[in-house]
Amino acid sequence: MSLKINAKTVVLGTGGTIAGIRKSPGNPDIYESGRLGAADLIDSVSEDYSGLEFQDVAQIDSKNMGLPIWQSLLKALVQAQSRQDVAGVVITHGTDTIEETAYLLHAFGLWPKPVVMTCAMRPADHPMADGPVNLRDALSLLHHAQAQGVCVVFNGQAHHALHVQKISTDPLKAFSSGFASLAAEKINGKWVWQSTPTATAKLDIPSLAGFLGATQWPRVEWLTHHAGSSSEMMEALLNAQSHTRLRGLVIAGTGAGTYKDAWNDSLQKAIEVGVAVWISSRCAWGNALPQAHQTMGQRVDLPPAKACVALALSLLSQDEKKSAL
Ligand code: SIN
């Protein structure tokens with residue numbers, strides 16, 4: 001089967017295990033992420049993909065993802081999307097924080113052309129490397145007639161950016177969309193489109209120019225509530241002397257976003273000193289719901305990792321509005 005693709009596709013590399021190389025050939029599990037550039041990954045994809053253009057935005061382990069690389073990625077994406085000869089953009093990324101980057105790109109959508117992200121759980125020189133198949137799948141999905149929005153391709157499935165979560169360290173079952181529909185699934189070797197992207201939740205985001213001009217990612221921390229947890233961690237966060245002011249707090253509550261009564265006082269203090277508090281759930285799936293006796297914080301229909309990105313974006317938007325006054 002030839003998957004020759006004629007329209008141009010821009011492949012933006014950011015690193016990750018998909019671009020990783022083993023430290024010693026005898027041990028496939030110890031490797032360094034982001035060693036290869038995006039163009040090196042295609043060598044391992046046997047099909048002839050003429051019309052591909054490669055750009056290395058970064059070569060990092062995605063645990064180190066943050067504002068400067070997100071800014072470079074967004075700039076490169078905007079530029080590629082504005083070109084008439086480009087059909088769409090593929091982004092290679094580490095699995096660990098791909099859901100945050102996918103959410104960020106989704107938040108700045110709707111993109112006129114599809115954005116397909118992909119990743120791998122095994123390094124590029126692993127005897128059972130999954131990157132080449134995932135990359136080939138990402139490239140072929142991009143040219144599906146119904147492809148749109150931002151999605152993440154992994155192991156024969158395409159997840160919408162809004163729903164994808166890394167839920168496991170199992171190399172073949174790393175991602176899920178929970179109760180939400182997949183974007184597409186490979187059935188008998190062909191992509192079958194399943195659902196269009198859900199509209200972006202109406203959360204505040206900065207303008208693209210505001211985001212690209214930002215010099216600091218607002219400091220947002222994430223605290224998980226659990227049986228036996230005290231309020232001391234929160235008190236420590238609020239009282240700590242740090243050169244970066246705490247601006248947001250995402251609480252991953254138990255169940256439907258619950259936390260013990262003692263946290264109400266600490267959260268009230270946080271809000272009084274200007275910290276934005278959002279309530280999510282530590283459950284893998286489902287949203288935080290209103291609770292009796294829980295008055296502090298604003299519920300958000302996002303899992304904590306995405307809520308942290310969304311809250312930081314909303315703080316950047318507030319900064320932009322203030323500086324425009
Ligand atoms: C990373 O996220 O960069 C490392 C882990 C991975 O890609 O699987």
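When a ligand or atom number is given, it counts from 1 through the structure's own listing order. Please read all numbers here as calculations on a predicted model, not as lab measurements. Residues: numbered from 1 along the sequence shown.
- In Ser33, the part holding a heavy atom less than 4.0 Å from any atom of ligand 1 is the side chain.
- Counted by atom type alone, Ser195 and His160 present one or more donor-acceptor pairs between their side chains at under 3.5 Å.
- For Thr97, no nitrogen or oxygen atom sits less than 3.5 Å from a nitrogen or oxygen atom of ligand 1, counting backbone and side chain alike.
- Those atoms of ligand 1 that come under 4.0 Å of a heavy atom in Thr17, given as number and element, are 4 (C), 5 (C), 6 (C), 7 (O), 8 (O).
- For the residue pair Asp204 / Ser317, a side-chain donor-acceptor distance below 3.5 Å is found, with atom types taken as modelled.
- For the side-chain contact (heavy atoms from CB on, under 4.5 Å) test, residues two or more places apart in sequence or in another chain that qualify with Asp125 are Ile21, Arg22, Pro123.
- Ring-plane geometry between Trp217 and Phe211 is classed as perpendicular, the angle between the planes exceeding 60 degrees on a 0 to 90 degree scale with a lower cut at 30.
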Please list, one pair per line, the donor and acceptor atoms closer than 3.5 Å that link side chains of residues 270-280 to other protein atoms, with sequence neighbours excluded.
residue	atom	partner	partner atom	Å
Glu272	OE2	Gln268	NE2	3.4
Ser280	OG	Leu302	O	2.7

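- At least one heavy atom of Ala120 sits closer than 4.0 Å to an atom of ligand 1.
- Within a 6.0 Å radius of CD in Gln79, no more than 12 heavy atoms belonging to other residues, nucleotides or ligands are found.
- Of all protein heavy atoms, the one closest to atom 3 (O) of ligand 1 is Ser62 N, 2.6 Å.
- Ranking the protein heavy atoms by distance from atom 8 (O) of ligand 1 puts Thr95 OG1, 2.5 Å first.
- For ligand 1, the atoms lying closer than 4.0 Å to a non-hydrogen atom of Asp96 are 2 (O), 4 (C), 5 (C).
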